[in-house]
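These notes concern the structure reproduced below.
Atoms considered below: every heavy atom in the structure, side chains included; atoms not considered: hydrogens, waters and symmetry mates.
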Amino acid sequence: MMMSWFLVILVTGMGGVLEPTDNQSTSISLDMTSGQVLALLGKPDRKAVLEGKLLRILPPDDTEIDLLQNRLVFLYDETNVQVWFKEGRVTGMTKRGVAVLKKESLAHE
């Protein structure tokens with residue numbers, strides 16, 4: 001009985017390591033427009049605006065948000081990807097809270 005629990009823990013613990021990468025999210029690049037991101041990833045599950053250090057989730061029908069003046073985030077729940085915009089252009093992307101695309105990474109290349 002204990003051996004079967006050990007196997008379950010071992011298999012579930014390795015799930016994150018064996019997970020395939022999402023090819024669509026790796027196609028996202030800096031300075032893309034929101035329309036280009038929508039074409040690649042589809043409609044986000046939620047949108048939010050960064051206000052100071054807090055994210056404010058937008059209502060689904062909120063059309064009054066000024067995309068050029070606010071820091072907007074597209075949230076994709078299934079893949080746990082967040083695409084960040086400023087002035088209407090992609091400035092970064094995170095997956096599970098870890099940056100996978102950001103401007104600072106280009107400075108070291």
Side-chain angles (χ1 to χ4, degrees):
M1 179 75 165
M2 185 169 172
M3 185 61 131
S4 64
W5 277 105
F6 177 75
L7 182 59
V8 169
I9 292 171
L10 179 64
V11 170
T12 57
M14 292 176 58
V17 176
L18 300 176
E19 181 181 74
T21 59
D22 182 9
N23 290 334
Q24 289 178 321
S25 66
T26 58
S27 300
I28 301 297
S29 60
L30 295 173
D31 294 323
M32 279 184 154
T33 65
S34 60
Q36 292 170 314
V37 171
L38 289 171
L40 282 172
L41 300 181
K43 184 178 176 183
D45 298 304
R46 297 172 289 146
K47 294 179 185 176
V49 174
L50 185 64
E51 294 178 341
K53 294 184 179 183
L54 300 174
L55 283 178
R56 179 174 57 92
I57 302 297
L58 297 173
D61 59 350
D62 191 349
T63 57
E64 295 185 23
I65 189 74
D66 184 357
L67 299 180
L68 297 178
Q69 297 298 319
N70 290 289
R71 183 78 194 264
L72 181 69
V73 185
F74 284 1
L75 304 163
Y76 295 91
D77 294 333
E78 187 174 320
T79 57
N80 206 4
V81 167
Q82 303 81 35
V83 182
W84 297 79
F85 297 88
K86 186 172 184 177
E87 297 177 358
R89 299 288 184 159
V90 172
T91 58
M93 185 171 71
T94 53
K95 185 166 186 171
R96 293 187 182 91
V98 177
V100 293
L101 174 69
K102 58 183 180 177
K103 287 187 177 185
E104 293 81 32
S105 65
L106 298 177
H108 299 293
E109 293 179 353

request  = Kindly work out whether a path of hydrophobic side-chain contacts (I/L/V/M/F/W/Y, heavy atoms less than 4.5 Å apart) joins Phe85 to Val49.
outcome  =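 Phe85 and Val49: one cluster.
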query = Do Val37 and Leu101 belong together in a cluster built from hydrophobic side chains that touch within less than 4.5 Å?
reply = yes
Which heavy atom in [X] sits nearest to a heavy atom in [Y], and how many Å separate them?
| X | Y | result |
| --- | --- | --- |
| Ala48 | Ile57 | CB-CD1, 3.8 Å |
| Phe74 | Lys47 | CE1-CE, 3.7 Å |
| Gln82 | Lys95 | OE1-N, 4.0 Å |

inquiry  = Would you say that Leu41 contacts Thr79 through its side chain, given a criterion of any heavy-atom pair below 4.5 Å between the two side chains?
reply    = no
ask   = Under 4.5 Å between any side-chain heavy atoms of Leu58 and Leu72, yes or no?
value = yes
inquiry  = Within the supplied structure, the quantity of interest is the number of heavy atoms (other residues, nucleotides, ligands) at a distance under 6.0 Å from Glu51 CD; does it exceed 12?
reply    = yes
Return the [atom1] to [atom2] distance between [X] and [Y], rounded to the nearest 0.5 Å.
| X | Y | atom1 | atom2 | value |
| --- | --- | --- | --- | --- |
| Trp84 | Leu75 | CH2 | CG | 8.0 Å |
| Asn80 | Thr94 | CG | OG1 | 8.0 Å |
| Leu30 | Arg89 | CG | CZ | 11.5 Å |
| Glu87 | Arg71 | CD | CZ | 10.5 Å |

message = Using the rule side-chain contact (heavy atoms from CB on, under 4.5 Å), only one of Val90, Leu38, Thr91, Val83 pairs with Met32; which is it?
response =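 Testing each of Val90, Leu38, Thr91, Val83 against Met32, the sole residue satisfying side-chain contact (heavy atoms from CB on, under 4.5 Å) is Val90.
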ask   = Is there a donor-acceptor contact under 3.5 Å from the side chain of Asp77 to the main chain of Asp45?
value =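 No, the answer is negative, given that no donor and acceptor are paired below the 3.5 Å cut-off.
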message = Would the distance check show the side chain of Tyr76 and the main-chain N or O of Gly42 forming a donor-acceptor pair, the cut-off being under 3.5 Å?
response =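 Pair found, side chain donor or acceptor close to backbone of Gly42.
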